[in-house]
Amino acid sequence: MSAVADPKAPRASRPGPSRRTTRGNFELYGWVFMRASGVVLVVLIFGHLFVNLMVGDGISAIDFGFVAGKWASPFWQVWDLLMLWLAMLHGTNGVRTIINDYAERDTTRMVLKVALYVATVLVVTLGTLVIFTFDPCPPNSPASLLPSFCTA
């Protein structure tokens with residue numbers, strides 16, 4: 001009788017060294033994060049849509065002044081920041097999972113994940129800067145170019 005392993009047998013029952021995963025609980029935390037962030041994102045997005053589309057004059061009222069007025073409030077800055085960060089991290093984690101599932105070569109997987117992480121950091125950084133440095137009333141601007149709520 002030969003000591004050939006049954007290819008359909010689970011890894012633990014096969015003879016020889018078992019491959020130890022280095023991921024630890026990261027995949028579990030990623031799974032939990034996807035569920036939790038999904039629930040929070042639903043609340044944030046529907047709140048965003050309700051305020052932008054249902055309150056006031058609806059979609060016809062959305063313009064530069066509307067956004068400037070919203071971002072004048074720290075509440076809406078934090079709301080939009082949470083929406084940006086959670087959406088980007090949620091999406092990045094989902095794409096990371098897809099890359100892990102479908103990229104067969106280690107080099108391809110690494111290149112795709114590096115590109116994904118660079119894009120994520122870039123979008124989150126730029127989005128955060130826009131939210132917190134947005135100034136609808138820049139100094140020394142002609143009064144004709146400023147929104148009506150700015151004092152020239």
Side-chain angles (χ1 to χ4, degrees), residues 1-138 145 147:
M1 185 183 252
S2 68
V4 175
D6 180 9
K8 294 181 183 175
R11 168 70 84 185
S13 65
R14 292 184 199 169
S18 64
R19 186 173 145 224
R20 181 162 167 79
T21 180
T22 58
R23 293 186 190 162
N25 285 334
F26 183 75
E27 292 299 326
L28 172 65
Y29 297 143
W31 185 86
V32 170
F33 171 77
M34 291 298 276
R35 273 65 190 167
S37 66
V39 170
V40 175
L41 275 169
V42 165
V43 172
L44 290 171
I45 290 169
F46 279 113
H48 174 82
L49 290 173
F50 180 78
V51 167
N52 288 346
L53 302 177
M54 305 296 278
V55 176
D57 294 332
I59 196 166
S60 62
I62 297 177
D63 58 5
F64 179 84
F66 178 83
V67 175
K70 253 181 83 174
W71 281 355
S73 164
F75 175 80
W76 289 113
Q77 285 180 327
V78 171
W79 185 285
D80 285 351
L81 182 74
L82 276 174
M83 199 164 45
L84 168 72
W85 277 64
L86 277 179
M88 284 303 300
L89 293 176
H90 184 93
T92 299
N93 192 34
V95 173
R96 179 194 60 82
T97 302
I98 291 170
I99 291 170
N100 284 340
D101 287 347
Y102 290 103
E104 294 180 5
R105 295 175 53 205
D106 289 339
T107 308
T108 305
R109 190 177 304 116
M110 184 194 64
V111 168
L112 288 173
K113 286 205 261 186
V114 166
L116 173 66
Y117 297 147
V118 167
T120 301
V121 167
L122 186 67
V123 169
V124 167
T125 302
L126 290 176
T128 302
L129 285 171
V130 166
I131 290 172
F132 287 115
T133 63
F134 179 75
D135 184 8
C137 306
L145 297 178

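Keep in mind the model is a prediction, meaning the values are calculated, not measured.
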Contacts of V40 meeting side chain to side chain contact (heavy atoms under 4.5 Å, CB included) (sequence neighbours excluded), chain-then-number -> L44, L86
Set of ring pair (Phe, Tyr, Trp, His ring centres under 6.0 Å) partners for F46, sequence neighbours left out
none
Tabulate below the donor-acceptor pairs under 3.5 Å that side-chain atoms of residues 56-68 make, not counting sequence neighbours, or state none.
unit_1	atom_1	unit_2	atom_2	d
S60	OG	D57	O	3.1
D63	OD1	G65	N	3.2
D63	OD1	F66	N	2.9

Name all pairs fulfilling the ring-ring contact (aromatic ring centres under 6.0 Å, His included) condition that reach into residues 86-126, sequence neighbours left out, sorted by first residue then second.
none
Sequence-distant partners of W31, side chain to side chain contact (heavy atoms under 4.5 Å, CB included), two or more places apart
R35
Sub-4.5 Å side-chain heavy-atom contact between T97 and D101:
yes
side-chain contact (heavy atoms from CB on, under 4.5 Å) for L82 and V78? Distances and angles first, verdict last.
CA-CA 6 Å; L82 276 174; V78 171; 4.3 Å; yes
Nearest-0.5 Å distance, CG of residue L89 to CZ of residue F33
5.0 Å
Taking side chain to side chain donor-acceptor pair (under 3.5 Å) as the test, write out the residues that go with D106, two or more places apart.
R109
Any side-chain heavy-atom pair of N52 and H48 under 4.5 Å:
yes
With sequence neighbours excluded, what pairs up with V114 under the side chain to side chain contact (heavy atoms under 4.5 Å, CB included) test?
M110, V118
Contact summary for A103 and L112, nearest pair of heavy atoms
CB-CD1, 4.3 Å
V51 and W76, any side-chain heavy atoms less than 4.5 Å apart
yes
All heavy atoms of T120 vs all of M88, minimum pair found to be CA-CE, 3.9 Å
Quick one: which residue pairs count as a salt bridge (charged side-chain N to carboxylate O under 4.0 Å, His left out) with a foot in residues 71-97, not counting sequence neighbours?
E27-R96
Pair up each side-chain donor or acceptor in residues 125-136 with any protein partner under 3.5 Å, not counting sequence neighbours, and list the distances.
unit_1	atom_1	unit_2	atom_2	d
T125	OG1	V121	O	2.6
T128	OG1	W85	NE1	2.9
T128	OG1	V124	O	2.7
T133	OG1	L129	O	2.4
D135	OD1	C137	N	3.1

